[in-house]
Amino acid sequence: MLNLATLADVEPLRAAPQFVAFGLSHRVVLAVLVMVAAALVVLGRRYRGTRTERWGSRTLALAFGGFLLPVELYWLLLGDGAMKYSLPLQLCDLAAIAAVWALWSHSSTAFALTYFWGLTLTSQAFVSPELTAPDFPSLQFLSFFGIHSLVLWAAIYLTWGVGLRPDWRSYRMAVLATVGWGVVMFVFNELADTNYGFLNTKPVVRSMLDVLGPWPWYLLSELVVGAVAWALITWPWVRQRALPHTHTAT
């Protein structure tokens, strides 16, 4: 019969190690992120404007949705964080929904949210992951990096593969949608004692917010920095569309 002392010796060996930023698993995630993104761009360009490309986009939508739905349902219904952590209210959750919608429909609204949220907000999860959980292959690890990866892949594929482009109209829509979400979430956080979007306090791990000042000033800093960054990633596409009109056809 196994005694308690033996169990105490065995249990730490069975426990999964904690995730460490830029450890081996994190570096593998980054490598996979880059390789899959490159492959999606190649495929998107090869079949751009064809029925095959549209079929491929919808296949990706189904694949991403097939991953997203059970993960969100699991954390909503079976997760131990209850309402405080498990509701799909973070911008990354909404960006994932927008990404699936954009892949399926090529909607300009869904693409704008995927592009702006994905390239500047979701991408931060790979630079400063707010993940205090067991390392690979824990469900927390797989769902965290899985959801963030699919948003970034969708944004890259639709932009540099399929050829969808943001403009100033989509820029304004994304800014207004984000501000509206922030106002609603701030009130919800106050009423429900939650902290979705880190609007009411900073995350427990070090992040980009640490350089933006104390609460509540980092919220204003986020808004200004975000608006400028989004303008900078909009302007080249708008300018590129205008260039052909300044040249004669050859």
Side-chain angles (χ1 to χ4, degrees), residues 27-74 88 91-126 137 142-174 177 230 232-250:
R27 295 197 300 270
V28 170
V29 164
L30 293 174
V32 171
L33 179 75
V34 171
M35 290 188 291
V36 173
L40 288 173
V41 169
V42 170
L43 288 174
R45 287 183 173 180
R46 177 175 299 177
Y47 299 108
R48 182 182 293 182
T50 67
R51 291 182 62 186
T52 301
E53 181 275 311
R54 194 57 181 245
W55 177 86
S57 292
R58 292 194 168 187
T59 299
L60 287 174
L62 292 173
F64 287 177
F67 173 83
L68 179 64
L69 183 60
V71 166
E72 294 288 6
L73 287 176
Y74 175 85
L91 272 183
C92 290
D93 295 309
L94 301 180
I97 296 171
V100 174
W101 175 21
L103 286 167
W104 183 266
S105 66
H106 288 187
S107 159
S108 59
T109 299
F111 167 70
L113 297 177
T114 304
Y115 178 81
F116 291 111
W117 288 350
L119 293 184
T120 61
L121 301 180
T122 302
S123 60
Q124 291 183 32
F126 300 94
L142 294 174
S143 61
F144 178 85
F145 284 113
I147 290 175
H148 289 85
S149 293
L150 74 85
V151 175
L152 204 49
W153 284 332
I156 292 170
Y157 168 76
L158 290 170
T159 305
W160 287 275
V162 174
L164 301 185
R165 300 288 186 257
D167 55 25
W168 293 121
R169 178 180 176 276
S170 60
Y171 167 84
R172 290 191 296 271
M173 187 277 298
W230 287 3
L232 290 175
I233 63 174
T234 303
W235 176 76
W237 300 117
V238 175
R239 181 174 181 273
Q240 185 183 68
R241 276 195 294 269
L243 285 178
H245 299 291
T246 65
H247 299 282
T248 57
T250 57

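Counting begins at 1 with the first residue of the sequence. It should be emphasised that the depicted structure is a prediction, and the values quoted were computed from it without experimental measurement.
Side chains of Tyr115 and Thr234: no donor on one and acceptor on the other come within 3.5 Å.
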Checklist entry - Passes side-chain contact (heavy atoms from CB on, under 4.5 Å), Met173 versus Leu113? Steps please. => result CA-CA 8 Å; Met173 187 277 298; Leu113 297 177; 4.2 Å; yes
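Looking at residues two or more places apart in sequence or on another chain, you find a side-chain hydrogen bond (donor to acceptor under 3.5 Å, both in side chains) between Ser143 and Trp75. Looking at residues two or more places apart in sequence or on another chain, you find no side-chain hydrogen bond (donor to acceptor under 3.5 Å, both in side chains) involving Trp153. Remark: Trp235 pairs with no residue by the ring pair (Phe, Tyr, Trp, His ring centres under 6.0 Å) rule, at least two apart or across chains. Checked against side-chain hydrogen bond (donor to acceptor under 3.5 Å, both in side chains), Ser105 has the following partners two or more places apart in sequence or in another chain: Trp101. Remark: Thr120 engages Trp230 in a side-chain hydrogen bond (donor to acceptor under 3.5 Å, both in side chains) (not counting sequence neighbours). In terms of the ring pair (Phe, Tyr, Trp, His ring centres under 6.0 Å) criterion, Phe67 has no residue partners (sequence neighbours excluded).
Note that CG of Leu164 and OG of Ser108 are 9.5 Å apart. Values are rounded to the nearest 0.5 Å. From Leu40, atom CG reaches atom OG1 of Thr159 across 12.0 Å, with rounding to the nearest 0.5 Å. Taking CZ from Phe145 and CG from Leu150, the interatomic distance works out to 13.5 Å, rounded to the nearest 0.5 Å. Atom-to-atom distance recorded for Leu68:CG and Leu73:CG is 9.0 Å, nearest 0.5 angstrom. Distance OH/Tyr47 to OG/Ser57: 13.0 Å, rounded to 0.5 Å. A distance of 10.5 Å separates CG of Leu103 from CZ of Arg54, quoted to the nearest 0.5 Å.
If you run side-chain contact (heavy atoms from CB on, under 4.5 Å) between Ile147 and each of Leu142, Thr122, Val71, only Val71 comes through.
Across Pro166 and Val238, no two heavy atoms sit closer than the pair O-CG2, 4.4 Å. Nearest approach of Ala110 to Thr114, heavy atoms of both residues: O-OG1, 2.8 Å. Between Ala125 and His148, the shortest heavy-atom contact is CB-CD2, 3.1 Å.
Under the 4.5 Å side-chain criterion, counting only non-hydrogen atoms from C-beta, Leu30 is in contact with Phe126. You'll find the side chain of Asp93 stays beyond 4.5 Å of the side chain of Ile97, heavy atoms only. His106 places a side-chain heavy atom less than 4.5 Å from the side chain of Glu53. Leu121 is not listed as a side-chain neighbour of Phe116, based on a closest heavy-atom distance of 4.5 Å or more.
Note: Tyr171 and Trp168 have perpendicular aromatic rings, judged against thresholds of 30 and 60 degrees for the angle between ring planes.
Ser123 places a side-chain N or O within donor-acceptor distance of the main-chain N or O of Leu119, the cut-off being under 3.5 Å. Arg48 contributes a side-chain N or O that, together with a main-chain N or O of Val162, makes up a donor-acceptor pair within less than 3.5 Å. Ser149 contributes no side-chain N or O that, together with a main-chain N or O of Gly146, makes up a donor-acceptor pair within less than 3.5 Å. A donor-acceptor pair under 3.5 Å is formed between the side chain of Arg58 and the backbone N or O of Trp104.
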